Structures are given as C-alpha cells and as structure tokens.
There are 2 protein chains.
Amino acid sequence: MNAREDAKEIGLAAVKSVVPDAAVRRYLEDRSYGGRVVVVAIGKAAWAMAQAASGVLGDRIERGIVITKDGHSDGEIDRFVVREASHPIPDERGIRATAEAIEMVRGLTEEDTVLFLVSGGGSALFEKPLPGITLDHVKDVTDQLLRAGADIVTVNAVRKRLSAVKAGRFALEVAPARVETVALSDVLGDRLDSIASGPAYPDQTTTDEVLEAVRRYKLKLPETLERSIREETPKELSNVESHVIGSVPVLCEAAREEAVRRGYSALVLTTFLEGEAREAGVFIAAIAREVRASGRPLSPPCAIVLGGETVVHVTGDGRGGRNQEMALSVALELEGPDRFAFLAIGSDGTDGPTDAAGGIVDGGSAKRIRAKGGNPRELLESNDSYAALGLSKDLIITGPTGTNVNDLALLLVE
Amino acid sequence: MNAREDAKEIGLAAVKSVVPDAAVRRYLEDRSYGGRVVVVAIGKAAWAMAQAASGVLGDRIERGIVITKDGHSDGEIDRFVVREASHPIPDERGIRATAEAIEMVRGLTEEDTVLFLVSGGGSALFEKPLPGITLDHVKDVTDQLLRAGADIVTVNAVRKRLSAVKAGRFALEVAPARVETVALSDVLGDRLDSIASGPAYPDQTTTDEVLEAVRRYKLKLPETLERSIREETPKELSNVESHVIGSVPVLCEAAREEAVRRGYSALVLTTFLEGEAREAGVFIAAIAREVRASGRPLSPPCAIVLGGETVVHVTGDGRGGRNQEMALSVALELEGPDRFAFLAIGSDGTDGPTDAAGGIVDGGSAKRIRAKGGNPRELLESNDSYAALGLSKDLIITGPTGTNVNDLALLLVE
C-alpha cells in the first residue's frame, strides 16, 4: 500500500469517470430505446456529450442538435447540427438554435425519446422567451432583482417564468414523446429543477412565491411580463426522466469506490465543501489526527472523500489555486507523520491561474519545500502555493480534462 | 424529539461528566485499595479533585496534599494539607510544597498507593529543580529556547531534564509504592508523558534529541545544567498506572453516549478541532448538508460531535468568543432548514470576554436576529457574536463549571 500513489490514482480515476465522454458512454451502455431517438445537447460540454452518444447509439439516433458556447465545438457529428451561441449572456443565435431544437422534437409519438444532454451553461444557451418578451426584458428583470439584493435562487425563479422552454416547459413541447435528461452538473447540491433551469423537470416554485418576490423587490414590470409571471409552471410531468451522470456526488462516489477497490475503507464526508481553502485544510488535518488517534470515523487504511469548492481570499502576491492552497495547508498541519497522503484537485484540470489541477502532499512535503530553500508557512501566507508545491514536487498537472464538476479532496491514511 | 433542547441537554451533561468532582467520584467508585493510600493533588483543579477523593475514600486516605494555584482552594480537607503557589510562573512556595509531597510519599511499601490527582497547571505548581539548579536557571533556558524559535514540545523536553520530579522521576521517589495518576487534561491530543510534564510516566524523549536541540538553538548552559540535561530520564517504570478521566475525548464520548441515549445515532468526528472559528462553522454546515442530502456519515436523527479549540482572529470591535462565533457562522450557513441544532460551548463555562459559555443555534436563528433589528452577517464580520446570539436568545450561560477540557461542538439533525 502506498498512500501517495493510491491517492493520485484514485483522484485521476474519479475525474476520468465524470469526463462527459466517459460518463455518457457508461450511462448509455445500459439503455435501450424502442422508438425513434432525437438528441438535444446543450451546455459547454454539449459537443462532447453528443459525440459520445453518437459513438454508442450510432444510427439509432434519427437526428440531433448541439447548442454550445462559442469555441466549444470540435467539428461535425453525423446526423447532428452543431450550433454555437453566446454565454453567459444569451443572444439571438442561442434563441434561433433553441427554436431549431423545438422544431426537431415536434411530431414525435409516445414511443419516441428525446435524449436531452445537459451541461453547465445550458440555461443561457437554451432559451426561448415567451411571446411578447425579449432578451432585453429578461436582462432588465435580472438587473432589477440583483440591484435590490435578491439571491440567485429568487432571480432564477422569476426568470424561469419568462421562458417558453425553462421550468419544465420544454417537456411539454416534447410530449407525447418521452424526454430523458442526462445531466452533468457543476453546482454544489444542484437540484434537477435548477440544472439549466430545468427545461424537462417539474418546477418547484409557485406563483405566490414569485409574486411575493416581485412585491418585496419592488419590480417594475411591463404588463406582458406581469402576465407571464403569473402563469403557473408545470408541477407534474408524466413524460420526463432524469439522471445526473456527472456531479460532485458522482465524482466523490467514484473516488470512494476506487479507494475501496484498492483496499481502503472509505467514506464520503461531504459533497458540500466550502469555505476558505486553508481552513478546510486545518479541518481535514483535525480529522486525520482523529483517524490516527482513535480510528474514527474509520480505521486505517482508510480514505475520507470530500467534494465541493473552497475559496481563497488572496492577500499575498503569489500564485496558486484553492486546491493547491488547501493541500499546502494540510502539508503544514500534518508535517512529520508518514503513511498518509492528501490530494486536492479541480475536476476541470485547472486550479487558479496556474497550469496545475491541484496538489498532493504527505508528511514530508513541508520538509521538502524547506530543503529547496522555501519557507512553506510564508509561501502559504503569500498565497504562493504553486511555488511551494513546485519545490516539493507535489503539483498535479493534468491539462484540461473536459469536465467541470467542482473539486475533489481525498485524505488517505495507511 | 427536539434537536435544540436535546443539543443543550447533551452539551451540559457532557460538561458535567468532566467536572473534577464528578470525574474523580466516577473513577474512584470502581476502585479498591489494599494498603495505605496517600493523595497528592496538583494543578488548578487539585482542591476539587482532592475533596472528591476524600468524599469517596474518607479515612481510607492516610494523608494528602493539595498544591494549587493562588485562590484555587476553598478550605480545609480532612487529612490533607492545602498549599497554594504561583502559576504560571513557578515560585518557592511551589517548590516547598513539592518537597512536602515528596516527604509524604517516603517510606511507603509496595502494598501502598499514591493517588496522584493531576490537572492543568500542574507543571508549574509541582517542581523540584535538580541539585545546583535554580528557578532562574529554568527560566533562562526557557527564554533562550523560545527566543531561538523552539516549539513548546522542545522547550518541555529540555526543561523536564532540569527537574527532580518531572519526566517520571516522581515515580522513582514513590517506589516501591505504586503511583496511580488520575488526570484531567486541557491540551488537545495530550499524551500522558506531557500532562504536567509526566511526573509519573515513562519519558519518551532521549538525551540525543535534547542535545541536538541544545546545539540547534545554540543554548548557553552553565556546567551544572549541561550535566543534568545529559542525565537520561526513566524509560520504564514498573510502579505506575495512568488514567485520563477528563479530556476532550472523554467530553466528546460523554456527549456521544448521551445523544445515543436520546435516540440519535452519533459519531465523534474529531477531538482535534482547530482553525478559525467561523470557518469551522462553514465546514460543519457542509457536513450537515451532506447528512440531509445523503445520510452520510450518519442518517438522521443523528449527532456529530467535535471537540477541540478554535481561534478567532479579531478584526472588528464587537464582543464574542470562539464558540459563539462558530455558532453564529453555522446559523448563517444553515439559515432556513429546520429540525437541526448546533451547539458550541467552552467546557469551563467561559467563551471569550463574555459571560456566556457559548451558543446554540437553529435554522431560525438568523431570522430572529434580523427580527430584533440585527444584521447577523455584519455582526459576525465585526466579531460581535455575543450581541447577535443575545438578540436571537441563543446564548448559553452556565457560569464557571470548575473544569477545563477545551470546547465541545455538537450538531444534531432530527
């Protein structure tokens, strides 16, 4: 058993399992479709997801469309039209592409399936305002709400109601055919009604709530919008089915399974990791000490898996990222003890303005930094984790992975 | 089930179990002694521990001594002499009292027992420098080491060797009688060789290590001290037995057991909690979210117990303490959800410069603060957790508890 090697391989395997291509292939392997299959792929990973679906289903796909962000497609895919549009600010190209998608799902029967491949950015890219509403209206409402101090949940609840495809309404367009949502999510604790604003999922917000927000934030609305907002969204949809194939929990579960396969008992402690990166490192070190002292929550050899996204409040002028900073913090807290390793990486392969995805540290990391002339505590203080982990050869560099389901942190104790 | 009531009662019960009096009584209830019993009680809780021993053992105690900090004794105890001395800086009164204690354990046989009741502050109060060494020597060595940047572990390793009672040497004075150490510890992850500098526990440091520190920190030592430092400390002691009856792990375990008794599944997540108080709150909130989302690491109703001691880097001009700040941070993170409660208290009944021991919050705390005209986020930013939790009626005020085994944090999810 080698905690350091294992941590690295577990982390990379977990990320690999949520890369759009691998995730879509794994999902589709178990599925079979009776009637016709139409694919609508939206979001930043739409092209890769569509390409993977095409690879598995081939000519079982009758037709399909990719709607992705500018620069995020990589050529033609058989039987698909590929469209690029603006993100994060929606534009007319996105609206035209969405209209094409709606056209494509018309005339299907209840035997047929729309395979709806959804990834981050889908909300901006997949849009059709209700009649009489323009993108400028949507923008104005958003601005009013944000200026008045509304949170993003409220903003989305109001905005959904200006759309003919969000909040479950796309599923009504697809009916009587089935719509099978297959989603990659990059938002912590994301609910299916909020991924891409839930085009094919029953909406959970009520008209009363939304009108209450209109009053509280003193929104000034033209009559068309006022009317649209009052229109209730679908609360039940009998033709939808949803699967999250990539998300922080999926990433963490993949890490847990790989750890178990390698002989570690393993626990996903949280998929909601937040807060200051270095402080998360202190907390994780406190858990490592308990594992050693009492075998709680697991006896070694064991793996503690955490997912989420920390932040760094930069005060120094160094270079680094939240994952590297968390790893450096753990390295300082747990200097000395051997037979443990801690890895923290961004699933997208990037971490701050560096070429590293994150870092992997052990009880000797701080010493190795010093041996090369660095002061690990000072490097942490100046947010220079990239330099520190460079000295100790603790950087993990993967290059862009093509996925983005937040960060993975993994503590292994042998 | 009422998470808030339960959290409060679990917390108070756990603290009660590590109050010196209760802890000593519980310990002695199961013990019986054949020969003579002499009691040596040292530290800030010495008087209370001796009083409890006297209450249980009565005239089974032949004689005893209390050596405690000025102002920390509360009257005579039958068959005991009660001495007060200086703390944290040792003085001659402490040295004289220690000499009395040594006199008291002379002439015992292997049938006899010295019940050695140890609590925080014992290291300064129980001291007998080796021949030719003065308190000024000890102070000088300490100053040199601290100025040179040595850590507290190194300082203690060197200082122990200037003493005739530390580092297991008191046990040699007691031999052939047995010495039974019964300790309350206020240091995280405290080892038995470091509680009160381990008068009756085999010393783990070696002469080589200590000489290495002398070289590294360029200590200037008179010849007497140089000679003393080279003298190896006892590595094996056949007449000692040690029990920690109060400590963070004991506190946490008591909370866990009380939670289980009330129908919660329960886990001690760490007894090494450290770091910035509000960030610990963010982390604990991340764990609460996971409990709700997936039933990991435990399914509700459940209790997650943490012990240790966080810090607050004060930037505002408010009043509060680390436990109140942690609780306020959790209240902000977990605003809204009901059927959970979070408690954080100092086991000594104090938390920062306030009359509160800590706080207890729930999903409605932030709202209650606002209802009274407070802004919970701003109050946290200005380190004004006492005011915030005062508004929401979330302060816990116990008064001094008479014990000090760090802090307890407890998350209950119904």
Side-chain angles (χ1 to χ4, degrees), chain A residues 149 151 153 188-191 247-250 252-253 256 265-298 304-311 313 315 326 329-330 332-337 377 409 411, chain B residues 149 151 153 188-191 247-250 252-253 256 265-298 304-311 313 315 326 329-330 332-337 377 409 411:
Chain A
D151 60 25
V153 175
L188 290 201
D190 222 355
R191 299 183 330 183
S247 63
V248 179
V250 173
C252 289
E253 181 58 22
R256 195 192 67 78
S265 61
L267 168 71
V268 177
L269 183 60
T270 185
T271 59
F272 295 87
L273 182 62
E274 287 186 295
E276 187 70 30
R278 73 180 67 186
E279 293 289 334
V282 172
F283 203 105
I284 289 163
I287 290 170
R289 290 193 183 102
E290 190 64 36
V291 167
R292 276 273 190 253
S294 74
R296 290 182 294 212
L298 296 173
I304 309 284
V305 182
L306 307 98
E309 191 170 311
T310 61
V311 296
H313 288 99
T315 54
M326 201 193 321
S329 171
V330 170
L332 276 160
E333 287 291 322
L334 297 181
E335 177 168 8
R377 176 65 62 186
L411 173 73
Chain B
D151 60 25
V153 174
L188 289 202
D190 222 356
R191 300 185 326 186
S247 63
V248 179
V250 173
C252 289
E253 181 58 22
R256 194 192 67 78
S265 62
L267 168 72
V268 177
L269 183 61
T270 184
T271 59
F272 295 88
L273 181 62
E274 288 186 294
E276 187 71 30
R278 74 180 67 186
E279 293 290 333
V282 172
F283 203 105
I284 290 163
I287 290 170
R289 290 192 183 103
E290 190 64 36
V291 167
R292 277 272 188 251
S294 74
R296 291 182 294 212
L298 296 173
I304 308 285
V305 182
L306 307 98
E309 190 170 311
T310 60
V311 295
H313 288 99
T315 54
M326 199 192 321
S329 170
V330 170
L332 277 160
E333 287 290 324
L334 298 182
E335 179 170 6
R377 177 65 62 188
L411 172 74

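Since the model is a prediction, treat every value here as computed from it, not as a measurement. In what follows, every chain begins at residue 1, and chains take the letters A, B, ... in the order their sequences are listed.
For the pair Arg289(B) and Glu274(A), the salt-bridge criterion is met [side-chain N within less than 4.0 Å of a carboxylate O].
Proximity of a side-chain donor or acceptor of Thr270(B) to a complementary backbone N or O of Glu290(A) within less than 3.5 Å is not detected. Put simply, the side chain of Glu279(A) gets close to the backbone of Glu276(B): a donor and an acceptor are under 3.5 Å apart.
With respect to chain B, the highest number of heavy-atom pairs below 4.5 Å among Thr310(A), Val291(A), Leu273(A), Val268(A) belongs to Val268(A). Contact count against chain A (heavy-atom pairs under 4.5 Å) is highest for Thr271(B) among Ile284(B), Leu267(B), Thr271(B), Val282(B).
With values rounded to the nearest 0.5 angstrom, Arg296(B) atom CZ is found 7.0 Å from Cys252(A) atom SG.
Residues Phe283(A) and Leu306(B) meet the side-chain proximity criterion, which asks for heavy atoms closer than 4.5 Å.
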